[in-house]
Structures are given as C-alpha cells and as structure tokens.
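Accompanying notes for the structure given below.
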Amino acid sequence: MLYLIGNWKMAPEKNIQVIDLVKKTNEIAKLYKKSITTIVCPPAVFLPIVKKNIKVPLGIGSQGVAASDAVAQTGLISASMIKESGAQYVIIGHSEMRARGDSNANVKDQLTRLFEKKLTPIVCIGEKTRDEQGWYLSEVKDQLETVYGDLAPLQAKKIILAYEPVWAIGAQADRAATPAECREMTIFIRKFLSDKYGEKIAKAMPILYGGSADEFNAKSFLEEGTADGFLIGRVSLDPKRLGALAKTINK
Ligand code: PGA
C-alpha cells in the first residue's frame with residue numbers, strides 16, 4: 001500500500017475552500033483506495049470541519065502536538081484534543097516545526113504522547129544541507145536514533161516515516177531531491193531499521209519521500225527512489241495536480 005499524505009500547512013484560509021478541498025480529495029482517495037492510503041493534515045482549527053466533510057477512505061491528521069500535557073502552553077494542542085477531534089494521524093518532526101524550535105528530544109516526547117493516545121505518528125526526518133563527504137548521514141542517523149532508540153518493534157512498526165531533505169522543501173527550494181538521492185537515503189534508513197528490528201519487520205515499515213514531489217517526478221521516486229509514498233505540501237492544495245499525481249503512482 002502506498003501513502004499519499006497532504007500537509008496543508010497554513011492553508012487554505014476560508015471554510016468554504018476547506019470544504020471544497022476535502023470533497024475533491026475524498027474523490028481521489030476513493031478512486032485509488034485499492035493501492036493508495038490518502039490522508040489530509042489541515043491546520044488544527046479546521047480539524048472539525050474536515051472531520052464533518054470527510055468520507056471513508058480518506059484519513060485525517062493533525063500538524064503537530066504538544067510534547068507534554070501541561071495546560072500552560074499557549075498556542076499548542078494536546079494529543080487528547082487531537083484524538084477528540086477525530087484525527088487519526090499526526091505529523092511531527094517537520095523541518096518547519098524544527099526551525100521554530102522543536103529539537104530531537106521534543107520530537108521524541110511528542111511521539112510518546114501520540115503512542116499514549118493511540119494516534120499514528122508521521123515522523124519527518126531529513127538533513128538541512130548535503131556535503132560531498134556524506135556527513136549529512138550522521139544528522140539523519142541522530143534523528144533515527146532519537147526516534148527509534150528505545151522503541152519495541154510493535155511501536156516502531158506503527159510509525160510512518162517521511163524522509164524530507166530540508167533543502168528540497170517548499171517554494172524556496174531550488175529543486176526536489178533526485179530519485180538517486182532519495183534511494184541512497186531510503187537504503188541508509190532501511191539498513192538502520194533492519195539492524196535494529198530485523199529485515200522482515202524493517203521491510204514492512206513505510207518510508208515516504210517529501211520535498212517538491214509532484215505529478216511529474218512522483219513515479220521515479222517510487223521506482224528508482226524506492227519510496228513508499230509521499231508527504232506533499234503545495235500539490236496537496238491543488239486537487240487537479242494531486243489527482244494527477246495519484247494517477248501516475250497508481251499505474
Ligand atoms: P512541498 O512540501 O511539497 O511543498 O515541498 C513538503 C512538506 O513540507 O512536507
């Protein structure tokens with residue numbers, strides 16, 4: 001099963017646009033449900049309206065969660081609140097959240113909160129820049145070690161991991177990673193997981209790609225890049241393009 005996860009970030013702005021986007025994404029999820037699990041992650045304020053308009057099989061997720069349940073955390077939302085909203089998934093470790101201060105340790109605490117509430121974590125990892133010598137691999141290894149360090153296989157298997165090279169994300173990115181760059185990293189990650197959990201378990205763990213993925217490059221990320229699906233930003237806000245992307249990876 002492939003994953004197609006739309007990270008809407010801080011968009012759209014109006015209820016009516018949210019409803020329109022959910023309805024169109026419902027259609028895409030239904031059309032490709034045999035091969036693709038489609039999930040949308042709207043801004044938290046829109047979770048109830050998305051929940052109201054969503055149809056099976058489209059899944060719903062939140063962007064971020066507080067690392068602790070303490071009430072005095074202005075601006076944050078707790079795992080219980082997310083659960084109450086009807087969301088099933090939560091994105092953590094996204095580079096835009098790390099840039100605002102989330103450390104590896106925070107991401108680990110957030111992960112623990114999600115397991116407590118039986119929410120499925122979508123954990124983002126990825127290097128900020130690349131260098132010729134391969135030092136960027138140690139940045140990713142640190143992230144992996146914090147996430148999986150003490151996790152038993154049963155919990156580890158529940159994580160949807162998204163490899164997102166920070167330099168390839170968003171409108172300011174020069175380019176997406178190449179499928180070869182993605183492949184190098186998925187191999188590195190699979191080796192880490194298989195050393196820790198054994199090949200059989202590691203093989204069942206999904207590793208997605210994110211960062212300027214679109215309807216033109218998606219197929220090569222699956223075939224050559226060996227990704228198991230995508231975490232999509234901009235394209236997830238455009239149902240025509242998202243539909244085209246789903247169509248190419250469904251083939
Ligand atoms: P992008 O964002 O697809 O717009 O590059 C990806 C992400 O931030 O998850």
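The first residue of the sequence shown is numbered 1, and numbering continues consecutively from there. Just follow the structure's listing: the first ligand is 1, and inside any ligand the first atom is 1.
- Salt bridge Arg234/Asp238: absent, no basic N to carboxylate O contact under 4.0 Å.
- An N or O contact shorter than 3.5 Å links Ser212 to ligand 1 by distance.
- Only one option out of Tyr136, Trp167, Trp135 pairs with Glu127 in a side-chain hydrogen bond (donor to acceptor under 3.5 Å, both in side chains); it is Trp167.
- Geometrically, ligand 1 and Ala213 share no nitrogen or oxygen pair separated by less than 3.5 Å.
- Salt-bridge check for Lys108 with Asp150: passed, with a basic side-chain N closer than 4.0 Å to an acidic carboxylate O.
- Residue Gly233 places at least one N or O, backbone or side chain, under 3.5 Å from an N or O of ligand 1.
- Note on Arg100 versus Glu96: no salt bridge recorded, every NZ/NE/NH1/NH2 to OD/OE distance being 4.0 Å or above.
- When heavy-atom distances to ligand 1 are checked against a 4.0 Å cut-off, Ile169 comes that close through both its backbone and its side chain.
- Considering each of Arg234, Glu164, Gln172, the one bringing a non-hydrogen atom nearest atom 7 (C) of ligand 1 is Glu164.
- Salt-bridge annotation for Asp228 and Arg190: present, with a side-chain N of the basic residue lying under 4.0 Å from a carboxylate O of the acidic one.
- A salt bridge links Arg130 with Glu184: at least one charged nitrogen is closer than 4.0 Å to a carboxylate oxygen.
- Remark: ligand 1 atoms within the under-4.0 Å shell around heavy atoms of Gly211 are 5 (O).
- Remark: ligand 1 atoms within the under-4.0 Å shell around heavy atoms of Leu231 are 9 (O).
- In summary, the atoms of ligand 1 found under 4.0 Å from a heavy atom of Asn7, numbered by their order in the structure, are 9 (O).
- Residue contact check: His94 has heavy atoms under 4.0 Å from atoms 7 (C), 8 (O), 9 (O) of ligand 1.
- Salt-bridge check for Glu27 with Lys24: failed, with every basic side-chain N at 4.0 Å or more from each acidic carboxylate O.
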